[in-house]
Amino acid sequence: YERTCRYLAKKSNSVIVSVGYRLAPEHPFPTQFEDCLTATIHFMRTAQDYGVDPSRIIICGDSSGGTLTAAVAQALVNRRDLQKLRAQILIYPFLQCVDFNLPSYQQNEGVPILLKKRTLALGLKYLNKDLSVMEAIFKGSHIPEDLQLKYQKWVSPDYIPHEFKTRGYKPIAINPFSEELYTLFKLVFDPVFSPLLAEDSVIAQLPEAFILTCEFDVLRDDGLLYKKRLEDHGIKVTWCHLQEGFHG
């Protein structure tokens, strides 16, 4: 990412700080989030030492970095000791662990590099969990009924615009709930892991956002659903959709 960061710094005439957060599985979740939050707060407090206006700080990340960006932005909304972030940039972020059968997951499950199975495998390795449960999670057995109802307000194919379903989509029935699976995986409903599941009171305070989605990407609909949630709370979103784009 060094070259990308140098390019961005040059083209945008900005100071770019790249966070070298510790990696899983040696450093399990949520170390990565904590490292990013610590680095962000430190930079916000010392921005002027770098010639940066503290009111113009933007956080940015792609893929799992987009998850971290969204989670850090959410963690900062109630901080009264810091300036507000100017904006957040989410480049095809992973944002939820509720529904792996959204239209984008169905349409792009075999599109390299982020195959549907690889997405969940990486998530499970991040949490140091066994991969043998993948099929049951794909079928939604890890979600209790009360949470299913709660999350339906935010994570549902009903909120994906019709034009994104034209490449084929069919509703999938949820499998029976497994208490054992939920106990093992309830961590995935933490907004730090699934920022799309943050409460409305948090979402309503977020900074302006730029969201990039790609047509041929399993994570496309995560971005579309987050865009809708932000806009529903009156937050300005600049959305860029790459019609021929794919993950990576």
Side-chain angles (χ1 to χ4, degrees), residues 61-67 70 89-126 129 131-145 147-178 181-182 185 188-189 193-197 209-232 237-248:
D62 76 295
S63 198
S64 56
T67 319
I89 295 174
L90 309 176
I91 299 168
Y92 45 54
F94 171 92
L95 297 171
Q96 58 86 29
C97 229
V98 171
D99 192 344
F100 289 99
N101 293 298
L102 290 168
S104 61
Y105 268 108
Q106 289 190 25
Q107 295 159 353
N108 304 310
E109 66 176 336
V111 177
I113 57 170
L114 198 62
L115 312 171
K116 176 172 164 173
K117 281 190 170 158
R118 180 176 287 169
T119 309
L120 186 52
L122 290 171
L124 293 173
K125 283 181 178 174
Y126 182 32
K129 300 290 185 190
L131 301 190
S132 61
V133 295
M134 276 172 61
E135 283 310 315
I137 290 180
F138 280 145
K139 289 172 180 159
S141 300
H142 61 307
I143 313 170
E145 205 168 320
L147 287 185
Q148 192 78 47
L149 286 169
K150 177 183 177 176
Y151 296 149
Q152 240 161 21
K153 299 179 296 189
W154 308 325
V155 185
S156 165
D158 298 348
Y159 302 134
I160 303 297
H162 176 71
E163 65 265 28
F164 293 102
K165 296 176 183 169
T166 53
R167 286 199 290 125
Y169 163 70
K170 62 172 196 296
I172 304 271
I174 296 284
N175 263 28
F177 167 60
S178 156
L181 210 56
Y182 172 64
F185 290 100
V188 303
F189 304 119
F193 193 88
S194 294
L196 188 51
L197 307 182
F210 173 94
I211 298 176
L212 180 134
T213 52
C214 292
E215 179 59 32
F216 298 99
D217 179 7
V218 288
L219 301 183
R220 179 195 72 202
D221 294 351
D222 283 24
L224 294 177
L225 292 170
Y226 206 51
K227 170 182 180 284
K228 181 185 188 303
R229 274 205 80 189
L230 292 172
E231 289 175 339
D232 285 351
V237 178
T238 303
W239 173 50
C240 171
H241 182 65
L242 303 181
Q243 203 54 59
E244 302 293 314
F246 55 90
H247 201 91

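By convention here, the first residue in the shown sequence is residue 1. Predicted model only: the values in this text are computed from it and were never measured. Worth knowing before you read on, the calculation uses all heavy atoms, side chains too, and leaves out hydrogens, waters and symmetry mates.
- Here the shortest heavy-atom pairing between Tyr226 and Pro195 reads CE1-O, 3.9 Å.
- A heavy-atom distance below 4.5 Å is not found between the side chains of Phe138 and Glu109.
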Would Ile174 and Ile143 count as a side chain to side chain contact (heavy atoms under 4.5 Å, CB included) here? Give the steps. CA-CA 9 Å; Ile174 296 284; Ile143 313 170; 5.6 Å; no
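- In terms of heavy atoms, Leu230 sits closest to Ala209 at CD1-CB, 3.8 Å.
- Contact of the Ile137 side chain with the Leu124 side chain is registered, since non-hydrogen atoms from C-beta on lie closer than 4.5 Å.
- Counting all heavy atoms, side chain and backbone alike, Pro112 lies closest to Phe246 at O-CD1, 4.2 Å.
- Judged by distance alone, the side chain of Arg220 and the main-chain N or O of Asn108 form no donor-acceptor pair under 3.5 Å.
- Side-chain atoms of Ser104 come within 3.5 Å of backbone N or O of Asp221 as a donor-acceptor pair.
- Remark: the backbone N or O of Pro171 is not paired with any side-chain donor or acceptor of Asn101 at under 3.5 angstrom.
- Between atom CZ of residue Arg229 and atom CG of residue Leu197 there is a gap of 8.0 Å, rounded to the nearest 0.5 Å.
- Side-chain atoms of Thr119 and Tyr105, non-hydrogen and from C-beta on, do get closer than 4.5 Å to each other.
- Note that OG of Ser63 and CD1 of Ile113 are 7.5 Å apart. Values are rounded to the nearest 0.5 Å.
- The backbone N or O of Phe177 sits nowhere less than 3.5 Å from a side-chain atom of Glu145 that would complete a donor-acceptor pair.
- With Gln107 contributing its side chain and Gly168 its backbone, the two residues share a donor-acceptor pair below 3.5 Å.
- At distances below 3.5 Å, at least one donor-acceptor pair connects side-chain atoms of Ser194 with backbone N or O atoms of Val188.
- Each of Phe189, Phe185, Tyr151 was checked for a ring pair (Phe, Tyr, Trp, His ring centres under 6.0 Å) with His142, and the lone residue meeting it is Phe189.
- Looking at heavy atoms from C-beta onward, Thr213 lies out of side-chain contact with Lys227 at the 4.5 angstrom threshold.
- The shortest distance between side-chain heavy atoms of Ile160 and Leu225 falls below 4.5 Å.
- For the pair Lys165 (side chain) and Pro157 (backbone), a donor-acceptor distance under 3.5 Å is present.
- Each of Phe193, Phe94, Tyr126 was checked for a side chain to side chain contact (heavy atoms under 4.5 Å, CB included) with Thr67, and the lone residue meeting it is Phe94.
- Applying the salt bridge (charged side-chain N to carboxylate O under 4.0 Å, His left out) test to Arg118 and every residue at least two apart in sequence or in another chain returns nothing.
- The closest donor-acceptor contact from the side chain of Asp222 to the backbone of Leu95 lies under 3.5 Å.
- Under the 4.5 Å side-chain criterion, counting only non-hydrogen atoms from C-beta, Cys214 is in contact with Tyr92.
- Looking only at distances, no side-chain donor or acceptor of Lys116 sits under 3.5 Å from a matching main-chain atom of Val218.
- Rounded to the nearest 0.5 angstrom, Phe216 CZ and Glu244 CD are separated by 6.0 Å.
- For the atom pair Thr238 OG1 and Ile211 CD1, the distance stands at 9.5 Å (nearest 0.5 Å).
- The main-chain N or O of Leu224 is never found under 3.5 Å from a side-chain atom of Tyr159 such that the two would form a donor-acceptor pair.
- To the nearest 0.5 angstrom, Tyr182 atom OH is 5.0 Å from Leu147 atom CG.
- Scanning all heavy atoms of the two residues, the minimum distance from Leu90 to Ala70 falls at CD2-N, 3.8 Å.
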List the steps and the verdict of side chain to side chain contact (heavy atoms under 4.5 Å, CB included) for Asp62 and Leu212. CA-CA 9 Å; Asp62 76 295; Leu212 180 134; over 6 Å; no
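- For the residue pair Lys150 and Lys153, the shortest heavy atom distance occurs at O-CE, 3.1 Å.
- For the atom pair Lys125 NZ and Leu131 CG, the distance stands at 6.0 Å (nearest 0.5 Å).
- Shown here for Gln243 and Glu215, the closest heavy-atom pair between the two residues is O-CB, 3.2 Å.
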